Amino acid sequence: MKFANIIVTFLAASASTVRAEEHQNLGWGVLGVRLPEPLSDLSATLDPATNLIYIAGGCDSPNGNEFAGEYFVCATISDDLYVFNPQDWSFGPRETLPRQRYRHCAEIVNNQLWLLGGRDADDALITEVDVYDIAEKSWSVFTLPDDYLTSDQACFTDKSSSFLYVAGGYNATYGTRDATFRIDTSTASANLVVEEMAPLIEARGDVFAASDGEFAYLGGGFTDANGFCAPLETAEKYEFATNTWTNLPPLINERGEIVMVEANGDVFALGGERQIQDICDVTGNTDPGELTVGTEVVEVLTDSGWKVIESFDDHKFRFAAVNVDGLIYAFGGQDAWDDGCQCFKTTDEIHLLGDGVTSSPTVAPADGGLSGPTFSLWAVSAVLGVVAAMVF
Ligand SMILES: *[C@@H]1O[C@H](CO)[C@@H](O)[C@H](O)[C@H]1NC(C)=O
């Protein structure tokens with residue numbers, strides 16, 4: 001009963017949202033088109049040259065994270081690469097990654113999709129860095145020095161140089177890292193050369209970063225420093241020009257796995273998960289569903305700190321999101337605890353967040369939905385009509 005009260009309190013607090021002045025019309029929609037399969041802990045990366053989104057890896061078990069006595073495990077990991085076109089909401093032909101991978105990070109630099117870090121189905125860190133040449137549609141495999149193997153770390157770029165930056169994450173035994181390093185992708189060879197940069201102010205794993213080209217932003221996450229008993233509320237930003245991290249105002253809703261997205265000059269902190277308050281002080285049996293809860297909160301960074309501006313219509317975490325011209329696409333993730341399967345199920349939903357997007361209706365596919373086993377291509381004119389109706 002105690003837990004039920006805590007959950008209710010937490011949800012009530014997060015539901016009382018105050019919209020920032022500048023985003024009065026922000027809202028959610030759920031696309032009528034879905035991912036080709038339910039996925040969480042995936043990466044989604046926008047190629048600025050083509051405006052296509054590359055969706056790689058992830059947990060592809062429909063039962064997502066299942067409780068295994070002490071912790072949660074995902075039974076099957078994806079080696080799929082999907083290309084999503086936000087112009088017509090179609091998925092291009094599927095390609096295969098060199099290996100299964102989840103809880104990695106991804107960036108497009110040098111016209112190449114870089115997949116770095118993460119874990120395999122045995123929870124082992126992945127040493128190979130897989131690099132997809134977008135023009136050639138071919139993979140190269142590089143290796144990271146052992147000291148830089150991580151999962152649940154943040155990747156980011158300055159959007160103009162050939163450097164790929166990596167910060168935070170966990171080592172093989174879930175020690176939390178504060179290291180920041182970068183790789184010059186234009187001179188990469190089989191054994192990658194790593195350059196150490198200024199470390200994070202606070203070691204943290206389960207982090208994502210957003211970049212506006214001048215600064216990268218990240219926040220929240222989890223740490224072994226408190227025994228993973230509570231999420232971090234601190235946030236920080238990295239200045240590329242000076243190689244320095246500085247503190248941002250603390251988050252309003254501290255949590256891990258916050259998806260950070262920069263859109264039209266604003267930094268959004270989406271979703272995430274946290275433990276029930278004071279989880280480590282609780283004695284006796286704890287229901288697995290109370291060990292972690294997804295949150296539905298969206299915060300935006302303003303001159304006077306973070307502001308809660310919107311909520312998903314449901315909890316959602318372990319998803320990936322990108323900004324395309326001011327609209328944020330959020331792919332997959334996991335839903336709230338399901339008692340029946342004792343699991344957090346993966347979802348194939350794609351959410352859309354943006355000013356003027358209506359929050360409640362599901363946008364139906366123009367023509368009966370997915371046509372093939374894996375892919376669909378809608379009539380472009382019909383889809384663009386739907387987008388226009390949602391946005392204006
Ligand atoms: C991971 O990090 C922890 C804490 O810093 C450390 O004690 C441990 O030895 C590290 N494990 C590995 C495999 O590097």
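All ligand and atom numbering here is 1-based and tracks the order in the structure. Because the structure is a prediction, the values reported are computed rather than measured.
Taking 4.5 Å as the limit, every side-chain heavy atom of Tyr102 sits out of range of all side-chain heavy atoms of Leu39.
The pair Glu299-Lys307 fails the salt-bridge criterion, with no side-chain N (NZ, NE, NH1 or NH2) lying under 4.0 Å from an Asp/Glu carboxylate O. Look at Arg94 and Asp80 and you find a salt bridge, because one of the NZ, NE, NH1 or NH2 atoms lies within 4.0 Å of a carboxylate O, short of that distance.
A salt bridge (Lys or Arg N to Asp or Glu O under 4.0 Å) check over residues 129-145, counting only residues at least two apart or in different chains, returns the pairs Arg99-Asp130, Arg101-Asp130.
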Under 3.5 Å, which donor-acceptor pairs link side chains of residues 58-65 to any protein atom two or more places apart or in another chain?
residue: Asp60; atom: OD1; partner: Thr76; partner atom: OG1; Å: 2.7
residue: Ser61; atom: OG; partner: Asn63; partner atom: N; Å: 3.2
residue: Asn65; atom: OD1; partner: Gln334; partner atom: NE2; Å: 3.0

Throw together a table of side-chain donor-acceptor distances under 3.5 angstrom for residues 106-116, partners on residues two or more places apart or in other chains.
residue: Asn110; atom: ND2; partner: Thr185; partner atom: O; Å: 3.4
residue: Gln112; atom: OE1; partner: Trp114; partner atom: NE1; Å: 3.1

Under a 3.5 Å threshold, I'd like every N/O contact between ligand 1 and protein atoms, with atom names and distance.
residue: ligand 1; atom: 2 (O); partner: Asn171; partner atom: ND2; Å: 2.3
residue: ligand 1; atom: 11 (N); partner: Asn171; partner atom: ND2; Å: 3.0
residue: ligand 1; atom: 11 (N); partner: Thr173; partner atom: OG1; Å: 3.0
residue: ligand 1; atom: 14 (O); partner: Asn171; partner atom: ND2; Å: 3.4

